[in-house]
S.K.: 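First the structure, then my questions, so here it is.
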Protein chains: 2
Amino acid sequence: MDQLITGDFQVNGDAYEPKTLVDGAYRQLRRDIIEGRHAPGAKLRVEHLKDEYEVGAGTLREALALLVSDSLVVAQGQRGFRVAPISLADLEDITRTRVMLESEALRQSIAHGDEAWEGNLVSAFHLLTRAEEKLAGDLDGSVNEWEERNRVFHETLIGACGSRWIRHFLAILYRQSERYRRISVLNRPVPQDVHEEHEQIFKAAIARDADEACRLLSGHIWRAFHTVSAVPEFAQESASRKVANGR
Amino acid sequence: MDQLITGDFQVNGDAYEPKTLVDGAYRQLRRDIIEGRHAPGAKLRVEHLKDEYEVGAGTLREALALLVSDSLVVAQGQRGFRVAPISLADLEDITRTRVMLESEALRQSIAHGDEAWEGNLVSAFHLLTRAEEKLAGDLDGSVNEWEERNRVFHETLIGACGSRWIRHFLAILYRQSERYRRISVLNRPVPQDVHEEHEQIFKAAIARDADEACRLLSGHIWRAFHTVSAVPEFAQESASRKVANGR
DNA sequence: AAAGCCAAAAATCTCGAGAAAAAACGTTGA
DNA sequence: TCAACGTTTTTTCTCGAGATTTTTGGCTTT
């Protein structure tokens, strides 16, 4: 199957070389939004951004249009583009939907996964473990590496799920979650419990214990939600939700 | 809340006035793809389409980029755009995913729906019934009206579901399903059984019988799948799937 | 006759400038 | 002092033309 330029996850670890400027701007912009360099709700002025990303105005507009797909950018007719806003209520919705889809996907993956899948999973878990060790060692640049390997681990877990659509939706939801997680890790580094959770999920998956794996995975995802909701910025958000409702 | 130009379903029945040329081209193009005027897998040449839709090349490109969101168009780097291909396997995936999401959504909707929701549902069912009567009367232009009201009915059913994300994903899946259904109805008009199914679902929903409503709705959606799979074009497709795999 | 290669043609991708709309600002009047 | 209005400024939206890349077609060679 052809490699789609706007496809979901990059399964192989190779560095992705953008084939077109639009694609390059799209990836760069997506990353900058997920990692919070463009704040939620912020206006995305084409005039400024075209200089920052070194492309023409039309090119940047097209990249922004692609980002509407992932619900990372919203377009308001005749009033330009904005970074999609965030809220605790939204994260709760994302989390609940993700738990439902990811449970189903994991169940299918465990049912249908072959030995190649097991191999990929062992590999992904190992790399994630190494990254978590580095993270505990407090190396500064290792956060991005951990994020990347965490993503690959979760992606591999459901990799043998036969449903492309579920995987597609999960890719979207994962990116959304990542935005929130990036905010929470700014305040507090990744807790050490997370490694143990990953290990338990990993073992249950290899043991083909679907019920246990889903139970653990659900707890894992919900725990991330609670970690974010404990962050002060969001505590105040849920208080001012009524205000935000107006308009 | 602001009206997003690339939002999901249009809830109110008012005619939507596109605020920008990009938005207009996007809607028109989306409709033309769903209704099969652009065949699945067909190449979408910007040079031709810009004349057909009477917009500039850049504008049309942006509209196409928006369509990638709905997975109705795929972009192949440096090789232009194509209408997303279809296959029976894809429809099966769509159907299975849709059943899962729509069951959950309907359950939530029945649990949380207030009287306003009931009112909307009664109204949507009534309009759908009228459209089905016209359809039985064999009026030619009434197919589009039926499609529209069928969409509104299904949308209203899950309208009280609290999860925006589930509704968003269902909107995407519904559009995908519609492409397939449009093909099957070309061969055989909507069966009269469908009205009875709608009525049963409607009654179960009003009676707040979630289990029964979900059971009926699942059967309803799966029946649509089987109707399509019986169409000759798809029977041969599933036979030639191996060929299609090769690039 | 089939495979490989080179040149012509088509299509894509990209950019900057002009038209239209929205936002910002200062002015005027009650 | 406040509100409403008109002008200025900024930003968005749109278009057509030029540079790259892909594809097509024909030619040569084995």
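Each chain gets a letter, A, B and so on, in the order the sequences are listed, and its residues count up from 1.
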S.K.: For the side chain of B/H48, starting at C-beta, report the closest nucleotide among C/dA22, C/dA11, D/dT14.
M.R.: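 Among the listed nucleotides, the one closest to the side chain of B/H48 is C/dA11.
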
S.K.: For B/S177, which residues count as a side-chain contact (heavy atoms from CB on, under 4.5 Å) partner, sequence neighbours excluded?
M.R.: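 Expected list: B/I94, B/R98.
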
S.K.: Not counting sequence neighbours, which residues clear side-chain contact (heavy atoms from CB on, under 4.5 Å) with A/N120? List them please.
M.R.: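 Partners of A/N120 by the side-chain contact (heavy atoms from CB on, under 4.5 Å) criterion, ordered by chain and then number, come out as A/T156.
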
S.K.: Atom NZ of A/K43 to atom C1' of D/dT11: distance rounded to whole Å?
M.R.: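 Taking atom C1' of D/dT11 as the reference, NZ of A/K43 is at 8 Å.
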
S.K.: Please pick, from D/dT12, C/dT12, D/dT14, the nucleotide with the shortest atom-to-atom distance to any side-chain atom of B/V22.
M.R.: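 When the side chain of B/V22 is considered, D/dT14 is the closest of D/dT12, C/dT12, D/dT14.
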
S.K.: List the residues meeting ring pair (Phe, Tyr, Trp, His ring centres under 6.0 Å) with B/W117, not counting sequence neighbours, and say none if there are none.
M.R.: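 Checked B/W117 against ring pair (Phe, Tyr, Trp, His ring centres under 6.0 Å); zero matches.
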
S.K.: How would you label the contact of B/L64 with the nucleic acid (heavy atoms, under 4.0 Å): base, sugar-phosphate, or nothing?
M.R.: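 Nothing, no heavy atom under 4.0 Å.
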
S.K.: Mind checking what makes ring pair (Phe, Tyr, Trp, His ring centres under 6.0 Å) contact with A/F81, not counting sequence neighbours?
M.R.: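 Once residues adjacent in sequence are excluded, A/F81 has no partner under the ring pair (Phe, Tyr, Trp, His ring centres under 6.0 Å) criterion.
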
S.K.: Between B/R61 (CZ) and D/dC13 (C1'), how many Å, whole number?
M.R.: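 Distance, rounded to whole Å: 17 Å.
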
S.K.: Quick one: what's the B/S/- string for nucleotides 15-20 of chain D, heavy-atom cutoff under 4.0 Å, read 5' to 3'?
M.R.: S-----

S.K.: In whole Å, what is the span from the CZ atom of B/R45 to the C1' atom of C/dC13?
M.R.: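 Between C1' of C/dC13 and CZ of B/R45: 16 Å.
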
S.K.: Which side-chain N or O atoms in residues 33-41 of chain B pair as donor and acceptor under 3.5 Å with protein atoms at least two apart or in another chain?
M.R.:
| from | atom 1 | to | atom 2 | distance (Å) |
| --- | --- | --- | --- | --- |
| B/E35 | OE1 | B/R37 | NH1 | 3.2 |
| B/E35 | OE1 | B/R37 | NH2 | 3.1 |
| B/E35 | OE2 | B/R31 | NE | 3.2 |
| B/E35 | OE2 | B/R31 | NH2 | 3.4 |
| B/R37 | NE | B/D32 | OD1 | 2.7 |
| B/R37 | NH2 | B/D32 | OD1 | 2.7 |
| B/H38 | NE2 | B/Y53 | OH | 2.9 |

S.K.: Take a 6.0 Å sphere around CD of A/E54 and say whether it holds more than 12 heavy atoms from other residues, nucleotides or ligands.
M.R.: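 Result for CD/A/E54: open.
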
S.K.: Please round to the nearest 0.5 Å and tell me the distance separating atom CD of A/E145 and atom CG of A/L128.
M.R.: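 Rounded to the nearest 0.5 Å, the CD-CG separation comes to 10.0 Å.
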
S.K.: Expressed in angstrom and rounded to an integer, what is the separation of A/K19 atom NZ from C/dT14 atom P?
M.R.: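 Atom NZ in A/K19 sits about 13 Å away from atom P in C/dT14.
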
S.K.: Less than 4.0 angstrom between a side-chain N/O of A/R79 and OP1 or OP2 of C/dA23, yes or no?
M.R.: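 Yes, within the criterion.
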
S.K.: Figure out the CD/C1' separation between B/E62 and D/dT12, and round it to whole Å.
M.R.: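 For the pair B/E62 CD and D/dT12 C1', the rounded distance is 10 Å.
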
S.K.: In whole Å, what is the span from the CZ atom of B/R82 to the P atom of D/dT22?
M.R.: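 So the CZ-P distance, B/R82 to D/dT22, works out to 15 Å.
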
S.K.: Just the rounded figure in Å: distance from P of C/dA21 to CG of B/D23.
M.R.: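 That distance rounds to 15 Å.
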
